[in-house]
Amino acid sequence: MISVRGRGTARLAAAAVATGLLAAGALAGAGTAVADENNSQQGGAKATLSGLKISDFAVIDGKKKVGAGLFEMEVDGGGTLKTYCIDIYRPTQSKARYEEVPWKSSLLQGNSDAGKIHWILQNSYPQVNDLAALASKAGADTLTEKTAAAGTQVAIWRFSDKVKVEAVDSNAEKLADYLEKSAQDLAEPQSSLVLDPPAVSGKAGEKLGPITVRTNAESATVTPGTEAANAGVKIVGKDGQEVTSVKNGDQIFFDVPAGAEDGTASLSVQAATAVPVGRVFTGFGQHAESQTQILAGSSESTVTATATATWATKGPIPAVTAEKNCVKGGVDVTATNEGDEPFSFSLAGKEYEIPAGGSETVTVPVEEDQPYEITITGPNGFKETFTGTLDCKTDSSETGGPGTEEPSSEPSPATVGGDTGGDTGDTDGNLAETGSNSSTPIIAGVAIALVLLGGAAVFFLRKRKPAANGTDD
């Protein structure tokens, strides 16, 4: 989530954690920063969906035939991810943008079987490449990459979406049954990279922080933003020494020189690592409603996180962050005040005041699958707006079960391209009409037809009825 101007119903930057920061005293007459979906401060890996690459088929409730298998995503900055779907009734969107999020900020929150899904990912294809050994464990005659991927996906759906689903291939079905019966609870995997918190504030002449680094990488590179260098701000460790490299658990600070003019600075932390299996990926920005995915494998990939600091010499110095709260069905907006005067603000129709050195979290209720726009305002022109979409439940829980919506597990081959998993078979026309863009050619065709019909109608009317008073009827 990123601080943005209001954009009507545009669906922007729905990251789970973000910040919008500016010193209250420096905000008079200043506009709020415009969001960019690629600048979300969620941290971790961000990627673009390539499509369903290795798959076979499954049947939902004995009626609906769908593709089942492994998707691929291309990571920003380099790297490839392999994922399975954990949201069977929601279609993917062509070339959808995805970001890594914790379980608590996804539809796995509250799912007592989330740990079993993680076990399946660790104990099946592609983490297990010996398909002969996997087939032996499952009691199957043989497994190919396609049937292994399909069987694994089916087992995952039984826990993620609680649906009656079976693999079409008998050996894939045996694998699905084996995985379902054998699954055990595993803990949520560590984030590839996140900074906690992503926003700090304080007075000039102080070290602002700490910001704790959470990563599975052996090390990560720290780079201050250009505004930090221009203001003489250094990024330092607990000992006050400047740092350029960090590891998991390290704490870093913005060291703001005394006498620095009121301002804001940022830093970025970047690492190359394999994203941990079991991490959830959700669509963000305009792709916030694309099907939720869970990681099954990762090459060495580029992961990035950013943090921001604000400082002033006097008055309230607020820092505002927001995080989706799937337990409470809303968004937690947290405001802290490191200034020497109280910070008063308005949020969701109510007034609040935080004393100097204080902090307060307000949960703003948000309806499931509805775009939200949450604005916090304060003195001297302070205004921060957070937008996104709350996606905490699978569509099956919303629609009442299989058969009430068109299920889908892949984008349209016509719009995404790439290998759709070999033999397409008889899919009842469902697989080629999925994803948010699948209806675009139809809509465009209808629009053109209407324009042509309208033009023809005007032509014939003109032929039949003469103009009056020098104007056309």
query = Between S301 (side chain) and S299 (backbone), is there a donor-acceptor pair under 3.5 Å?
reply = yes
G237 and F253 have their tightest heavy-atom pair at O-CD1, 3.8 Å
Is it the case that S359 and T336 place a side-chain donor and acceptor less than 3.5 Å from each other?
-> no
Can K324 and E368 be said to form a salt bridge (Lys or Arg N to Asp or Glu O under 4.0 Å), step by step?
CA-CA 11 Å; K324 289 193 290 186; E368 176 72 12; over 6 Å; no
Within the 4.5 Å heavy-atom criterion, are L186 and Q122 side-chain neighbours or not?
yes
V200 and A319 have their tightest heavy-atom pair at C-CB, 4.3 Å
Check your understanding: Should the pair E180-K116 be classified as a salt bridge under the 4.0 Å nitrogen-to-oxygen rule?
Key -> no
Open item on the list: Is it the case that the side chains of D332 and T363 hold a donor-acceptor pair, with the cut-off being a distance below 3.5 Å and no angle test?
Closed with: yes
* Regarding Y372 and T389, is there a side-chain donor-to-acceptor distance under 3.5 Å anywhere? -> no
Practice item. May I have the step-by-step check of salt bridge (Lys or Arg N to Asp or Glu O under 4.0 Å) for R97 and D76, ending in yes or no? Key: CA-CA 10 Å; R97 299 278 293 133; D76 295 1; 2.8 Å; yes
Exercise. Without hydrogens or angle criteria, can the side chains of T310 and S201 be said to hold a donor-acceptor pair below 3.5 Å?
Worked result: no
task: Flag the pair T215 / V194 as yes when at least one side-chain heavy-atom distance between them is below 4.5 Å, and no otherwise.
output: no
- Please lay out, stage by stage, how T80 and S298 fare under the test side-chain contact (heavy atoms from CB on, under 4.5 Å). CA-CA 6 Å; T80 301; S298 169; over 6 Å; no
Answer yes or no: is there a side-chain heavy-atom contact under 4.5 Å between Q293 and Y98? yes
- Query: Between S290 (side chain) and Q93 (backbone), is there a donor-acceptor pair under 3.5 Å?
  - Reply: yes
Any non-hydrogen side-chain atom of L179 less than 4.5 Å from a side-chain atom of W119? yes
Closest heavy-atom pair, A148 versus Y125, reported as atoms and distance to 0.1 Å, is CB-CB, 3.8 Å
ask   = D56 side chain to A167 main-chain N or O, any donor-acceptor pair under 3.5 Å?
value = no
Salt bridge (Lys or Arg N to Asp or Glu O under 4.0 Å) between R279 and E188: does it pass, once the steps are laid out? CA-CA 8 Å; R279 294 296 291 174; E188 179 178 2; 3.5 Å; yes
Nearest heavy-atom approach of V101 to S106 is CG2-CB, 4.2 Å
Subject >> Minimum side-chain heavy-atom gap Q127-V277 below 4.5 Å >> reply: yes
Checking Q190 against N248: is there a side-chain donor and acceptor pair closer than 3.5 Å? yes
- Message: Can you confirm whether or not the ring centre of F343 sits under 6.0 Å from the ring centre of F382?
- Response: yes
For D113, does its backbone N or O pair with a side-chain atom of N111 as donor and acceptor, under 3.5 Å?
yes
Item to complete: Report yes or no: do S50 and E72 form a side-chain donor-acceptor pair below 3.5 Å?
Response: no
Point to revise | Side chains of E227 and T264 in contact at under 4.5 Å (non-hydrogen atoms) | key: no
Take L70 and Y84 through the side-chain contact (heavy atoms from CB on, under 4.5 Å) test and state the conclusion after the steps.
CA-CA 5 Å; L70 273 173; Y84 286 108; 3.5 Å; yes
Check whether any side-chain heavy atom of W157 lies under 4.5 Å from a side-chain heavy atom of K162, and answer yes or no.
no
### Task
Flag the pair E145 and K82 as a salt bridge only when some basic side-chain nitrogen lies within less than 4.0 angstrom of an acidic carboxylate oxygen.
no
Consider only side-chain N and O atoms of S192 and E100, and report whether a donor and an acceptor are under 3.5 Å apart. yes
Taken to the nearest 0.5 Å, the spacing of L81 CG from I294 CD1 works out to 12.5 Å
Item to complete: Could you tell me whether the side chain of D255 reaches within less than 4.5 Å of the side chain of V233, counting heavy atoms only?
Response: no
Between G278 and L121 the two heavy atoms that sit nearest each other are CA-CD1, 3.8 Å
task = May I have the step-by-step check of side-chain contact (heavy atoms from CB on, under 4.5 Å) for W311 and E338, ending in yes or no?
result = CA-CA 9 Å; W311 63 90; E338 295 298 332; over 6 Å; no
Is there a salt bridge (Lys or Arg N to Asp or Glu O under 4.0 Å) between D391 and R90 once you walk through the steps? CA-CA 11 Å; D391 182 12; R90 189 189 307 274; 3.1 Å; yes
Q: List the steps, then state whether side-chain hydrogen bond (donor to acceptor under 3.5 Å, both in side chains) holds for Q270 with T223.
A: CA-CA 8 Å; Q270 188 173 89; T223 305; over 6 Å; no
Closest non-hydrogen atoms of I252 and V246, given as atom of the first, atom of the second and distance, are CG2-CG1, 3.7 Å
